Amino acid sequence: MSIQQNLLDIKSTLPKHVTLVAVSKTKPVPDLMEAYNAGQRVFGENKIQEMVEKWEQMPKDIEWHMIGHVQTNKVKFMTPFVSLIHGVDSLKLLEEINKQASKNNRVIDCLLQIHIAEEESKFGLDEEELSALLASPTFKEMKNIRIVGLMGMATFTDNQDQIKKEFSHLKSVFDGLQSLQTANCKLQTVSMGMSGDYQLAIACGSTMVRIGSSIFGGR
Ligand SMILES: *Cc1c(COP(=O)(O)O)cnc(C)c1O
């Protein structure tokens, strides 16, 4: 199957309100261009250096999403162009994004990553940390970032009930924050679902799916 065909097949199954992030990490530029030529404009990468290299080589109407864990000292390399940062999980990181965005005269959209999986290894905020972050004066004063939603990754398991429970949990945290709409916090996006579980994620309320291997093949 071609990348173009994979992409069209997946797109035909997605409801209109769901954004497809084509996760192109580790794949070469010609593969990404095949998706681009089939109409795809939103790409997700998990390493800043790799994203910068691809951004330099590819057409400039692409929206680049950083979906991986972000190291504070590397934020500055992507702030000139990144469209959405999915994995924000600390005030410290948010402060650095705000600072670098300000230097670039930009307001950068971010998602807060919430820890929904059973595994300890996955990054993300728990609910207490989330509340503390949103309530902090430091956050409220930030003018160059905007929190536009939440992101989560389910446990790596075949147990559909468990995955469903975790996705539903993220959606309920999102719903619980709807009253909190401020200048730099406008929650509208729930980023959840990958190749193996995106249909379930959409059924649980996802508005943004991050799909890699089903489009580009295994890594
Ligand atoms: C790699 C990755 C994906 C895509 O995974 P696939 O199973 O290839 O679809 C989605 N989200 C994140 C955070 C990833 O790192």
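These figures come from a predicted structure and were not determined experimentally. These numbers come from the heavy atoms of this one structure, side chains and all, not from hydrogens, waters or symmetry mates.
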Should [X] and [Y] count as side-chain neighbours, where that means a heavy-atom distance under 4.5 Å?
| X | Y | answer |
| --- | --- | --- |
| Phe81 | Val52 | yes |
| Ile85 | Leu111 | no |
| Leu130 | Leu177 | yes |
| Ser24 | Phe43 | yes |
| Trp64 | Val42 | no |
| Asn37 | Gln4 | no |

Qualifying residues under side chain to side chain donor-acceptor pair (under 3.5 Å), relative to [X], sequence neighbours excluded:
| X | result |
| --- | --- |
| Gln178 | Gln181 |
| Asp175 | Lys171 |
| Glu56 | none |
| Asn73 | none |

Under 4.5 Å between side-chain heavy atoms, hopping through other hydrophobics if needed: is there a path connecting [X] to [Y]?
| X | Y | result |
| --- | --- | --- |
| Val23 | Met192 | no |
| Val148 | Val70 | no |
| Met208 | Ile10 | no |
| Met194 | Met51 | no |

Check against salt bridge (charged side-chain N to carboxylate O under 4.0 Å, His left out), Lys54 and Glu45: CA-CA 9 Å; Lys54 288 171 174 172; Glu45 291 284 335; 2.9 Å; yes
Would you mind writing out the side-chain donor-acceptor pairs for residues 92-103 within the sub-3.5 Å range, not counting sequence neighbours?
unit_1, atom_1, unit_2, atom_2, d
Glu96, OE2, Gln100, NE2, 2.9
Asn98, OD1, Lys143, N, 3.4
Asn98, OD1, Asn144, N, 2.7
Asn98, OD1, Ile145, N, 3.4

Ring geometry between His69 and Phe123 (parallel below 30°, tilted from 30 to 60°, perpendicular above 60°):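 Rings of Phe123 and His69: parallel, as their planes differ by under 30°.
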Distance-only donor-acceptor check, side chains Asp31 and Tyr36, under 3.5 Å: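 Note: Asp31 and Tyr36 side chains miss the donor-acceptor criterion.
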Tell me whether the count of non-hydrogen atoms from other residues, nucleotides or ligands lying under 6.0 Å of [atom1] in [X] goes above 12.
| X | atom1 | result |
| --- | --- | --- |
| Lys74 | NZ | no |
| Asp61 | CG | yes |
| Lys60 | NZ | yes |

For residues 209-217, which side-chain donor-acceptor pairs fall under 3.5 Å, sequence neighbours excluded?
unit_1, atom_1, unit_2, atom_2, d
Arg210, NH1, Ser191, O, 3.1
Arg210, NH1, Ser191, OG, 2.9
Ser213, OG, Ser195, OG, 3.4
Ser214, OG, Ser195, OG, 3.2

Residue pair Ile163, Thr157: steps toward the side chain to side chain contact (heavy atoms under 4.5 Å, CB included) verdict: CA-CA 8 Å; Ile163 297 173; Thr157 173; 3.8 Å; yes
Verdict with reasoning, Thr155 to Glu166, per side chain to side chain donor-acceptor pair (under 3.5 Å): CA-CA 8 Å; Thr155 303; Glu166 294 171 1; 2.6 Å; yes
Side chain to side chain contact (heavy atoms under 4.5 Å, CB included) assessment of Glu129 paired with Glu127: CA-CA 5 Å; Glu129 293 164 334; Glu127 276 169 82; over 6 Å; no
